[in-house]
Amino acid sequence: MDQESRRKRKKNLPITPKREDAPAEDVQAEAPDCRQPKGRLRRRWLFNTLAVTLVVVAIAVSAFSLAMYSYYTSTIQASLESKAQTAAGMFRNYTETTYLSTARQFINQFEEKTTIEVQILNANGRVLMSSMMDISGASVSSPDVVSAIGEKRVKPHIGQDPDTHDDVISASAPVVYNNTVVGVVRMCTSLRQVHAQMVRIVLVTSAIGLAALLVMGLLASYFIRSVLDPVIRVTETAKRIAAGSYGVQMEKRSDDEMGELVDSINDMSMKIDQAERTQSEFISSVSHELRTPLTAINGWAETLYNGEVRDAADVKKGMGIIVSEAQRLTRMVEELLEFSRMETGRFNLSVEPIDILAELEDAVYTYREFFRRKGLELDYAECREELPIINGDPERLRQVFCNLLDNADKHGGSGGRVEVSVEREEDEVAIRIRDHGPGVPEEELPFIKYKFYKGSSKARGSGIGLAVCDEIVNSHGGSLDIGNASGGGCVVTIRLPIRVESA
């Protein structure tokens, strides 16, 4: 298909209305005030650790003390129940008339009567005899006595004695004769010794708990120091970076999470330093690039305005320089605007069905005459097969083609020839633009598409053209690859996906 027919085909393609770039919202986030007195985090961390440890120690001491108290009381209670049950069982073997004499004999022979009081009560709960003192005739209203008479079985009691108001443990066993309660054997002991023992246990366990609290405080202080000291170093380094000391590095002292944080801070510092230097170089480069055409435009405009040039050929030459430099400024401003849209997320495409060959040939046709005037040959190898329609933004893609052809002139024009080819590779259209210049140093190839990056090239340019081209091609779902061609020169390959027709 010749170029004229392609242009006709291009005009007949459906056109999708362009979307205007949406204005970006100006969002300003307030930075939190992180200023705190030194050591505040250390004190809070240590306080929280010791508070938790203190609560745990208090719970452990309380639980242990209660367990020991329960153990002592339950052991004493079981012993009193057993002794009372044994004595009551022994009295059942005697007649009612011999019960009292047997009981007195039992009390006199009871070996533990110095620590355990043995009381013999009648069926009404009155004391008949006691191993401690003569309280005969006294009435005992302890719950264990009442329950033992009423239920005819051994009943214990732990608590305050209602008659003496002492803390006691007692057990009462009924003496049953012919299914009738004729008396009660009550064993009773004071809890004073148990309480004294519990005080000793609480004191010992509290001392152990305080020792544990002290050890925990020392360990926590060491651990906090081992964690906070690196954090303080990181904080100080971050402050230096924030103050402008870009590129500063910290010593990595461990391979744990803190070491990873140090690596991240160091990497961030280097990238900020690189970005700062790149931005400075970009500003310097753009200032120089803007100054050069402006100087030419100013000089020729003043010359023509003052009437210093009267020859028609010289006037035409001056006007041509002014137009050429103005176009150059326009291209630079457009690149900067595109870059600004990319940075602020306002980069949009107006996608429509396009004939990619027609768009490419338009760019080739535009640059062919320009190259010819500079003595640079532009070879275009037409595609042998008909390429299908693809989805894309024609103006953006034409911008990519023109930018790459302009780069081929600036960086590879010394080779005298630029080659452009297009072909189908499976489900993609591959477009290649090659120059025969010196090529790109191998160490610079990984960075050549980075914004502001110019490498060792001395050619004019802002350093953002390839970054814009890469963004445009990626937005189309394609890829842009740059490498050195065999035999010398640089080759740029653009791959764009072919539109899949719906069934």
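What you see is a predicted model, and the numbers here were worked out from it, not measured in a lab.
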Side chains of [X] and [Y], heavy atoms from C-beta outward: is any pair under 4.5 Å?
{"X": "L496", "Y": "H476", "result": "yes"}
{"X": "Q85", "Y": "M187", "result": "no"}
{"X": "I354", "Y": "I390", "result": "yes"}
{"X": "V429", "Y": "I431", "result": "yes"}
{"X": "Y72", "Y": "L191", "result": "no"}
{"X": "I494", "Y": "L404", "result": "yes"}
{"X": "V422", "Y": "R432", "result": "no"}
{"X": "F401", "Y": "I356", "result": "yes"}

For V175 and V181, run side chain to side chain contact (heavy atoms under 4.5 Å, CB included): C-alpha distance rounded to whole Å, both residues' side-chain angles, the deciding distance at 0.1 Å, then the answer.
CA-CA 6 Å; V175 179; V181 176; over 6 Å; no
Using only atom types and a distance under 3.5 Å, with no angle test, would you say the side chain of [X] pairs donor to acceptor with the backbone of [Y]?
{"X": "S269", "Y": "I265", "value": "no"}
{"X": "T189", "Y": "T115", "value": "yes"}
{"X": "D263", "Y": "N266", "value": "no"}
{"X": "D393", "Y": "V351", "value": "no"}
{"X": "S264", "Y": "E260", "value": "yes"}
{"X": "S82", "Y": "S79", "value": "no"}

Can you run down the ring-ring contact (aromatic ring centres under 6.0 Å, His included) pairs that involve residues 104-132, sequence neighbours left out, and say none if there aren't any?
F91-F106, F106-F110
Rounded at 0.5 Å granularity, tell me how far [atom1] in [X] sits from [atom2] in [Y].
{"X": "I116", "Y": "S131", "atom1": "CD1", "atom2": "OG", "result": "9.0 Å"}
{"X": "K152", "Y": "N179", "atom1": "NZ", "atom2": "CG", "result": "4.0 Å"}
{"X": "S74", "Y": "I158", "atom1": "OG", "atom2": "CD1", "result": "8.0 Å"}
{"X": "C490", "Y": "N407", "atom1": "SG", "atom2": "CG", "result": "9.0 Å"}

Distance-only polar pair, side chains of [X] and [Y], donor-acceptor under 3.5 Å:
{"X": "E352", "Y": "N391", "value": "no"}
{"X": "E117", "Y": "S130", "value": "yes"}
{"X": "S170", "Y": "D144", "value": "yes"}

Decide yes or no on side chain to side chain contact (heavy atoms under 4.5 Å, CB included) for V473 and V400, but give the supporting numbers first.
CA-CA 8 Å; V473 174; V400 172; 4.2 Å; yes
If you count heavy atoms of other groups shown closer than 6.0 angstrom to [atom1] of [X], is the number above 12?
{"X": "M216", "atom1": "CE", "answer": "no"}
{"X": "E425", "atom1": "CD", "answer": "yes"}
{"X": "Q160", "atom1": "CD", "answer": "yes"}

Quick one: closest heavy-atom pair of [X] and [Y], and the distance?
{"X": "I272", "Y": "I241", "result": "CD1-CG2, 4.1 Å"}
{"X": "A220", "Y": "T49", "result": "CB-CG2, 3.6 Å"}
{"X": "G478", "Y": "N474", "result": "O-OD1, 3.2 Å"}
{"X": "G392", "Y": "L397", "result": "CA-CD1, 4.4 Å"}
{"X": "V184", "Y": "S172", "result": "CG1-CB, 3.8 Å"}

salt_bridge(K155, E81) N-O dist < 4.0 Å
no
R424: partners by salt bridge (Lys or Arg N to Asp or Glu O under 4.0 Å), with sequence neighbours left out:
none
Quick one: salt bridge (Lys or Arg N to Asp or Glu O under 4.0 Å) partners of R192, sequence neighbours excluded?
D166
Between V492 and L480, is the side chain to side chain contact (heavy atoms under 4.5 Å, CB included) condition met? List the steps.
CA-CA 7 Å; V492 181; L480 187 146; 4.2 Å; yes
Report the C-alpha distance between K83 and E112 in whole Å, list the side-chain angles of each, state the deciding distance to 0.1 Å, and finish with yes or no for side chain to side chain contact (heavy atoms under 4.5 Å, CB included).
CA-CA 11 Å; K83 294 178 185 300; E112 300 176 74; 2.7 Å; yes
For H195 and Y69, take the angle between the two ring planes, folded into 0 to 90°, and tell me which bin it lands in: parallel under 30, tilted 30 to 60, perpendicular over 60.
parallel
